[in-house]
Amino acid sequence: MADEKSLNFLEEIIENDLKAGKYQSISTRFPPEPNGYLHLGHAKSIVLNFGLALKYGGKTNLRFDDTNPVTEETEYVESIKGDVKWLGFEWANEFYASDYFDQLYDFAVNLINKGLAYVDDSTSEEIAAQKGTPTIPGTNNIYRNRSVQENLQLFADMKAGKYPDGSKVLRAKINMSHINMLMRDPVIYRIKHAHHHRTGDTWCVYPMYDFAHGQSDSIEKITHSICTLEFVPHRELYDWCIENLEIYPSKQYEFARLNMTYTMMSKRKLLQLVNDKHVNGWDDPRMPTLSGVRRRGYTPEAIRDFCDRIGVAKRENLIDISLLEFCVREHLNKKADRRMVVFDPLKVVITNYPEGKTEVLSGENNPEDHTSVRPLPFGRELYIEQDDFMEVPPKKYFRLSPGQMVRLKSAYIIKCEGVVKDSSGKVTELHCTYIPESKSGSDVSGINVKGVIHWVSIADALPIEVRLYDRLFVTEDLNAIEDDFTNHLNPESLTVKTVYAEPELKNSKEGEHFQFLRMGYFCKDPDSTPTNLVFNRTATLRDMWAKEMKK
RNA sequence: UGUCCUAUGGUGUAAUGGUAACACUGCAGAUUUUGAUUCUGCCUUUCUAGGUUCGAAUCCUAGUAGGACAACCA
């Protein structure tokens, strides 16, 4: 009980706030914009926001930041809700920034009345030019001096739809020579005659992020508004709005976003991969989207564990994707049932096994649980993996070779007695003998063999489709590249094969996880039909022998 | 030639002025009816220079490096 885990900087802030009596309880929010699918970077934010509230007895809202009707769609709303639930979290309230459009509009009017906002007729180019640069102050324009009365009328007319898109904006009146560019009279409302996924055609003026996010936090009485580092410069404006509107003072805190090796984490670029058909949709198992990794076979437990392990801090990071793989293997090792599937078949005939005889052996579903078993049909003709036989074996090879013995997993020890080749010299068939006393579970043969291989009975083999995934990109750090990121796609990120499975796999369910013995973790894909079962490779197993062979 | 953020093994994250540690990766070994799992061991660390202090990864100053900031995006 006393294992005191050290606190991350946000937990420290919260504990101090709580200790100081600043809050009775905390509230956080997860604020996605419904313009794309959630990815692992969002998972970090979700686990953080919901995790903090859970840990300190607070609540977390799901709030869609839907202030830009042009890019936002209901399809995304639904996928986001599904992903958050799948990850295992429940939000206290489902809110939308668009729920607050009336209040936000009133806030803007309030600012105008205080002389803190004005309508600007400049084009976006003019506004950009007047803004100056980080080292050169901006300049005031003539619109800045409009009267409160005029601004009120103009803003009302904007709302009433009297002006076309882009012709006018509402700006906060702060300071055009402010050292922080975001404080140089930021645009807070713009005209968009666009259909909104929730408010329809009610509005033609929409608030900007900086005039919506903090106010939404405030309306919901969010105590700790946690976002990523690129919003650090926005904090000053966030606080300015709250102060001048005299509303509940939510506080913004920033952490470093997740970057992962060989992984693209930009929503915009993921959208491009989908649109340009580099992948088969948002839920392609090669995608770092939550729908993608779910289909790939990653479990919510593994992803939450991953998010816990990567920690939270303010420095840029590049997480090794092998940590994610470690997390998923660790969970699936405990959870997944074992099955035997031969990928590259080599026929084996057991010459001393009576023709026509069959028997049903028993295989453990998981080595950590001896009580759960499955039936395993055995016969005279089997498939084994081509890699599990070598006519001329290297040192330390302890699989099958002429005259050598191996154990067929959950079955018998066999000995290779003969090799059949075709005209080109390729090995097409092995003749082996089996040792009847070596039956798994009741072995009285006294023989010890080092090698254990998987197999399937040819008569019972079930052809299935496997989709073998490799990393989508060949470049480790995609943030560091200068050229088009699609140049870095891995052309071999997907390999499809038909392989031979033990018949028990017929009884599998969609989304069910398995370990195909010695081959990796797999998950049944929704593309499966009764006659064509499809399995996605979630992750390979660690393979010391493959490493040995590379040397 | 500005402001802000950041700097600890290969990668992450701790150490909250008092012996630099944990995980992943990598390497080596033990066990194993999965060359899996499990177990053991090893490699490798405080950006630089000053200062404060009995004592600095930690505080201060300067430098260096990386990142962010000039969307009617979020």
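Keep in mind it's a predicted model, so treat the numbers as computed, not measured. What's counted below: heavy atoms across the whole structure, side chains too, no hydrogens, waters or symmetry copies.
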- [ ] Test Glu502(A) against every option in Arg338(A), Lys409(A), Arg374(A) by the salt bridge (charged side-chain N to carboxylate O under 4.0 Å, His left out) rule and name the one that passes.
- [x] Arg374(A)

Open item on the list: On RNA chain B, does the nearest nucleotide to Glu230(A) precede the nearest nucleotide to Val187(A) from the 5' side, or the other way round? Give the residue.
Closed with: Glu230(A)

- [ ] May I ask you to say what Glu254(A) touches in the nucleic acid, namely base, sugar-phosphate or nothing, with a heavy-atom cut-off under 4.0 Å?
- [x] nothing

Task: Contacts of Glu220(A) that satisfy salt bridge (Lys or Arg N to Asp or Glu O under 4.0 Å) - sequence neighbours left out - done: Arg63(A)

TODO: Mind checking His234(A) for me? I need base, sugar-phosphate or nothing, with any heavy atom below 4.0 Å counting as a touch.
DONE: base

Task: Residues that Asp388(A) engages under salt bridge (Lys or Arg N to Asp or Glu O under 4.0 Å), provided they are two or more places apart - done: Arg399(A), Arg518(A)

TODO: May I ask you to say what Phe516(A) touches in the nucleic acid, namely base, sugar-phosphate or nothing, with a heavy-atom cut-off under 4.0 Å?
DONE: nothing

Task: For Val474(A), all residues meeting side chain to side chain contact (heavy atoms under 4.5 Å, CB included), sequence neighbours excluded - done: Asn490(A)

Task: With sequence neighbours excluded, residues passing ring-ring contact (aromatic ring centres under 6.0 Å, His included) with Tyr253(A) - done: His224(A)

Open item on the list: Among residues at least two apart in sequence or on other chains, which ones pass salt bridge (Lys or Arg N to Asp or Glu O under 4.0 Å) with Arg171(A)?
Closed with: Asp120(A)

- [ ] Using the C1' atom as the reference point in each nucleotide, state the distance between G18(B) and A23(B) in Å, no decimals.
- [x] 26 Å

- [ ] Select base, sugar-phosphate, or nothing to describe what Met519(A) touches, counting heavy atoms under 4.0 Å on all strands.
- [x] nothing

TODO: Give one of base, sugar-phosphate or nothing for Phe326(A), where a contact means two heavy atoms less than 4.0 Å apart.
DONE: sugar-phosphate

Open item on the list: Lys396(A): which residues meet the salt bridge (Lys or Arg N to Asp or Glu O under 4.0 Å) condition with it, sequence neighbours left out?
Closed with: Glu548(A)

- [ ] Report yes or no: do Asp185(A) and Tyr118(A) form a side-chain donor-acceptor pair below 3.5 Å?
- [x] yes

Open item on the list: Would you measure the distance from the C1' atom in U46(B) across to the matching atom in A65(B) and give it in whole Å?
Closed with: 16 Å

- [ ] Could you tell me whether a side-chain N or O of Asp66(A) sits under 3.5 Å from a main-chain N or O of Ser98(A), the two making a donor and an acceptor?
- [x] yes

TODO: With a 4.0 angstrom cut-off to heavy atoms of chain A, pull out the first and last contacting nucleotide of RNA chain B, in 5'-to-3' order.
DONE: G2(B) to A74(B)

- [ ] Check ring-ring contact (aromatic ring centres under 6.0 Å, His included) between Phe30(A) and all other residues, then give those that pass, not counting sequence neighbours.
- [x] none

- [ ] For U16(B) versus C22(B), give the span between their P atoms, rounded off to a whole number of Å.
- [x] 15 Å

TODO: Strictly below 4.0 Å, heavy-atom distances to any atom of RNA chain B: list the hits from residues 304-320 of chain A, or just say none.
DONE: Arg309(A), Ile310(A), Val312(A), Ala313(A), Lys314(A), Arg315(A), Glu316(A), Asn317(A), Leu318(A), Ile319(A), Asp320(A)

- [ ] Quick one: label Ser322(A) by what it contacts on the DNA or RNA (base, sugar-phosphate, nothing), any heavy atom closer than 4.0 Å.
- [x] sugar-phosphate

- [ ] Please name all residues satisfying ring-ring contact (aromatic ring centres under 6.0 Å, His included) with Tyr100(A), sequence neighbours left out, ordered by chain then number.
- [x] none

TODO: Could you measure between the two P atoms, the one in C59(B) and the one in A15(B), and give it in whole Å?
DONE: 12 Å

- [ ] Describe the nucleic acid contact of Phe231(A) in one word from base, sugar-phosphate, nothing, applying a heavy-atom distance below 4.0 Å.
- [x] base

Task: Sugar-phosphate only, base, or nothing, as touched by Val232(A) at under 4.0 Å among non-hydrogen atoms - done: sugar-phosphate

- [ ] Give one of base, sugar-phosphate or nothing for Arg329(A), where a contact means two heavy atoms less than 4.0 Å apart.
- [x] nothing

Open item on the list: Rounding to an integer number of angstrom, what distance separates U48(B) and U8(B) when you compare their P atoms?
Closed with: 11 Å

- [ ] With sequence neighbours left out, write down each residue that passes ring-ring contact (aromatic ring centres under 6.0 Å, His included) with Phe343(A), or none if nothing qualifies.
- [x] Phe522(A)

TODO: Just call it for Ser122(A): base, sugar-phosphate, or nothing, with non-hydrogen atoms closer than 4.0 Å on any strand.
DONE: base

- [ ] For U6(B) versus A70(B), give the span between their C1' atoms, rounded off to a whole number of Å.
- [x] 22 Å

Task: Touch class at under 4.0 angstrom, heavy-atom based, for Glu12(A) against every strand present - done: base

Open item on the list: Mind checking if Asn180(A) touches a base, just sugar-phosphate, or nothing, with heavy atoms under 4.0 Å?
Closed with: nothing

Open item on the list: Using atom P in both nucleotides, what's the gap between U45(B) and A57(B) to the nearest angstrom?
Closed with: 15 Å

Task: Integer angstrom distance from the P of A21(B) to that of G41(B) - done: 14 Å

TODO: Select base, sugar-phosphate, or nothing to describe what Lys192(A) touches, counting heavy atoms under 4.0 Å on all strands.
DONE: sugar-phosphate

Open item on the list: For a quick check of understanding: with a heavy-atom distance under 4.0 Å over all strands, which category does Pro32(A) fall into, base, sugar-phosphate or nothing?
Closed with: nothing

- [ ] Convert the base pairs of RNA chain B into dot-bracket notation, remembering that pairs crossing earlier ones are written with [ ] and that bases paired across to another strand are shown as |; include only Watson-Crick or G-U pairs under 3.5 Å.
- [x] .((((((..((((....[..)))).(((((.......)))))....(((((..]....))))))))))).....

Open item on the list: Is the ring pair Trp282(A)/Tyr76(A) parallel, tilted or perpendicular, if the boundaries are 30 and 60 degrees?
Closed with: perpendicular

